[in-house]
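Throughout, a chain's letter reflects where its sequence line sits, starting with A, and its residues are numbered from 1. Treat the numbers as computed from the prediction; the structure is a model and nothing was measured.
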Number of protein chains: 2
Amino acid sequence: MGVKERRAREKEQLQQQILSAARELFVNEGYENVSMRKIANKIEYSPTTIYLYFKDKADLLDSVCKETLLNLLNTLERLKRDNTDPIETLRKSGKAYVEFGLEYPQDYKLTFVIRPQFQKGLGLQEGSVGEKVFNYLREMVSECIQQQIFHQADVETTGQVLWSAVHGVTLLLIDFPDFPWTEKDKLIDTVIETTIAGLKA
Amino acid sequence: MGVKERRAREKEQLQQQILSAARELFVNEGYENVSMRKIANKIEYSPTTIYLYFKDKADLLDSVCKETLLNLLNTLERLKRDNTDPIETLRKSGKAYVEFGLEYPQDYKLTFVIRPQFQKGLGLQEGSVGEKVFNYLREMVSECIQQQIFHQADVETTGQVLWSAVHGVTLLLIDFPDFPWTEKDKLIDTVIETTIAGLKA
DNA sequence: TGTTATACTTAACATCGTTAAGTATAATAA
DNA sequence: TTATTATACTTAACGATGTTAAGTATAACA
């Protein structure tokens with residue numbers, strides 16, 4: 001009776017194959033410039049096959065995003081495990097957050113900019129990966145406040161200020177690649193340092 | 001010999017009519033969901049007529065955004081005229097920037113998020129209104145540095161850090177209206193205060 | 001060996017941005 | 001006033017898009 005299991009395995013493999021092809025194309029060519037036919041070509045199936053595995057193109061991007069956000073969450077939580085100093089963890093987390101956005105700009109923009117526009121409140125609703133990421137930020141900030149590193153005691157506001165800073169610099173770097181930015185790493189570091197310094201003051 | 005002038009006037013009127021229709025549709029339905037045919041319908045001309053006035057759909061978006069940016073620039077420059085204290089002007093400008101974004105969220109997103117996606121690098125090039133807005137920021141930061149208010153002497157980096165902060169909080173407030181934010185004005189003020197404090201430190 | 005469910009494909013639809021060719025009409029010249 | 005020319009706009013079409021309905025092989029089962 002292993003037939004059903006094998007079939008299920010094969011389906012899952014193809015689903016993953018579609019997902020991988022879509023990710024690669026989305027990242028390299030941009031969501032709008034990737035057609036279902038292009039994805040189908042890449043995996044050597046007919047375009048309609050994709051619809052047996054994903055509701056539509058947006059669902060496909062949704063799935064790609066969820067995967068990458070899980071990666072981000074993993075990266076962040078690994079950081080927390082390896083570090084004991086909360087302020088240092090916060091620093092590294094901020095950097096990792098921005099770098100994630102720059103590595104997967106399409107995913108980042110869909111999740112944090114495009115999708116909320118059409119599906120209001122769906123980006124950070126309960127149980128979503130996005131919410132888990134913000135919860136991670138809450139925990140870190142909370143530790144910093146407990147150790148009296150930050151002057152202000154409001155976890156929520158402090159977290160939101162930090163998030164604004166990293167979100168802002170991430171999107172600016174993504175959206176205006178030709179602007180004469182300060183060297184990328186220096187800018188990111190300065191944004192994070194400035195915000196932390198401001199919270200300490 | 002007023003014929004030519006009248007003709008030119010009529011052409012300009014139609015151009016403005018197209019622009020207005022496009023803005024209204026873009027803002028209400030989103031750039032991607034608005035077709036050239038839909039715009040044409042609204043002004044009761046054939047779709048191809050639009051191409052006699054604008055190179056393509058992206059050019060149309062470009063023009064809409066330029067208008068929006070000019071509005072923002074006007075708001076900011078009025079602020080500078082009324083104020084002498086540079087740090088106070090900076091504070092108020094930051095607040096005005098965010099409030100502009102929240103008052104015209106669709107325009108803001110079109111200009112700073114959607115357009116760069118379709119017209120790479122065209123948002124802040126030389127002579128553009130976007131560049132003028134950033135130049136305004138440069139001047140203000142420059143004055144603050146001259147008066148030795150900010151510790152760091154790098155005008156560019158300092159400006160970019162400030163921009164990241166206000167851009168970030170603006171977009172977060174627009175895109176996640178259902179998130180349990182700290183009270184709006186308090187959050188905006190805290191973001192600006194924190195960043196300025198960090199730059200002073 | 002015949003039946004049925006599964007996995008995939010073919011063909012088509014409506015719509016998109018955009019271009020080339022064509023047509024009225026207004027302005028000019030005779 | 002009439003013929004010519006320039007201007008403003010439209011019609012028709014192209015290739016490509018996301019997506020759906022209908023059809024076809026093939027594998028699994030009775």
Side-chain angles (χ1 to χ4, degrees), chain A residues 1-23 25-26 28-65 106 110 114-115 117-119, chain B residues 1-19 21-23 25-26 28-65 110 114-115 117-120 122:
Chain A
M1 229 343 188
V3 172
K4 266 220 158 99
E5 282 80 354
R6 199 204 67 221
R7 285 251 187 166
R9 216 163 46 235
E10 280 171 359
K11 280 204 80 165
E12 207 175 327
Q13 266 173 21
L14 182 47
Q15 170 145 12
Q16 194 54 48
Q17 208 181 331
I18 296 171
L19 219 51
S20 299
R23 143 161 298 117
L25 288 170
F26 286 162
N28 288 334
E29 314 191 11
Y31 177 68
E32 298 90 23
N33 305 318
V34 174
S35 68
M36 297 301 258
R37 288 166 175 84
K38 214 182 260 181
I39 300 170
N41 254 341
K42 198 179 174 74
I43 56 170
E44 296 182 296
Y45 279 81
S46 89
T48 49
T49 300
I50 300 173
Y51 290 88
L52 302 171
Y53 294 84
F54 298 93
K55 187 180 157 289
D56 51 26
K57 198 187 172 190
D59 183 35
L60 196 46
L61 187 49
D62 251 26
S63 302
V64 168
C65 280
Q106 298 295 330
L110 175 91
I114 308 294
R115 198 170 68 157
Q117 196 169 15
F118 294 96
Q119 300 186 301
Chain B
M1 230 347 191
V3 172
K4 267 222 158 99
E5 283 79 355
R6 198 204 67 221
R7 285 250 186 166
R9 217 164 43 235
E10 282 172 359
K11 280 204 79 165
E12 207 175 324
Q13 267 173 20
L14 182 47
Q15 170 147 12
Q16 194 55 48
Q17 209 180 331
I18 296 172
L19 218 52
R23 143 158 293 123
L25 288 170
F26 286 163
N28 288 333
E29 313 191 10
Y31 177 69
E32 296 100 307
N33 303 318
V34 174
S35 68
M36 298 300 258
R37 286 164 177 86
K38 214 182 261 182
I39 299 171
N41 254 340
K42 197 177 174 76
I43 58 170
E44 297 181 295
Y45 278 82
S46 88
T48 48
T49 299
I50 300 173
Y51 290 89
L52 301 173
Y53 294 83
F54 299 93
K55 190 179 156 289
D56 51 25
K57 196 186 173 190
D59 183 35
L60 199 44
L61 176 60
D62 232 36
S63 302
V64 168
C65 289
L110 276 179
I114 307 296
R115 187 175 79 145
Q117 200 164 13
F118 289 88
Q119 296 223 4
K120 296 202 166 161
L122 227 75

- Task: Look at all strands and tell whether B:Leu14 reaches a base, only sugar-phosphate, or nothing, counting heavy atoms closer than 4.0 Å.
- Result: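 Touches sugar-phosphate only.
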If you count heavy atoms of other groups shown closer than 6.0 angstrom to [atom1] of [X], is the number above 12?
X       : atom1 : answer
B:Lys38 : NZ    : yes
A:Glu12 : CD    : no
B:Glu10 : CD    : yes

- Query: Is A:Val64 close to A:Leu110 at the side-chain level, that is, under 4.5 Å between some pair of heavy atoms?
  - Reply: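 Not touching, per the 4.5 Å side-chain cut-off.
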In whole angstrom, give the distance that lies between atom [atom1] of [X] and atom [atom2] of [N].
X       : N      : atom1 : atom2 : answer
B:Gln17 : D:dC9  : CD    : C1'   : 14 Å
A:Gln13 : C:dA7  : CD    : P     : 14 Å
B:Ile43 : D:dA8  : CD1   : P     : 15 Å
A:Ile18 : C:dA7  : CD1   : C1'   : 12 Å
B:Leu52 : C:dA24 : CG    : P     : 17 Å
A:Ile39 : D:dA16 : CD1   : C1'   : 15 Å
A:Leu60 : D:dG18 : CG    : P     : 11 Å
A:Ile50 : C:dA7  : CD1   : P     : 17 Å

- Query: Hey, mind stepping through B:Leu25 and B:Asn33 against side-chain contact (heavy atoms from CB on, under 4.5 Å) and telling me if it holds?
  - Reply: CA-CA 9 Å; B:Leu25 288 170; B:Asn33 303 318; over 6 Å; no
- Passes side-chain contact (heavy atoms from CB on, under 4.5 Å), B:Leu14 versus B:Lys11? Steps please. CA-CA 5 Å; B:Leu14 182 47; B:Lys11 280 204 79 165; 6.0 Å; no
- Please determine if a side-chain N or O atom of A:Tyr53 lies less than 4.0 Å away from the OP1 or OP2 oxygen of C:dC8.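 Answer yes for this pair, as a side-chain N or O of A:Tyr53 is under 4.0 Å from OP1 or OP2.
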- Task: With B:Lys57 as the cation and B:Tyr31 as the aromatic partner, state whether NZ or CZ is under 6.0 Å from the six-membered ring centre and within 45° of the axis.
- Result: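 Yes, cation above the ring, under 6.0 Å and within 45°.
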- Message: Determine whether B:Phe26 and B:Leu61 satisfy the following criterion, side-chain contact (heavy atoms from CB on, under 4.5 Å), listing intermediate values before the conclusion.
- Response: CA-CA 8 Å; B:Phe26 286 163; B:Leu61 176 60; 4.2 Å; yes
- To the nearest 10°, let me know how far the axis at one end of the helix from C:dT1-D:dA30 to C:dA30-D:dT1 is tilted from the axis at the other, five pairs an end.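 It works out to 20° between the end axes.
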- Message: Please evaluate residues B:Leu19 and B:Phe54 with respect to the criterion side-chain contact (heavy atoms from CB on, under 4.5 Å), reporting the C-alpha separation (whole Å), side-chain torsions for both, the decisive distance (0.1 Å), and the verdict.
- Response: CA-CA 10 Å; B:Leu19 218 52; B:Phe54 299 93; 3.5 Å; yes
- Message: Return a single string for nucleotides 14-22 of chain C, one symbol per nucleotide in 5' to 3' order, where B is base contact, S is sugar-phosphate-only contact and - is none, cutoff 4.0 angstrom on heavy atoms.
- Response: --BBBBB--
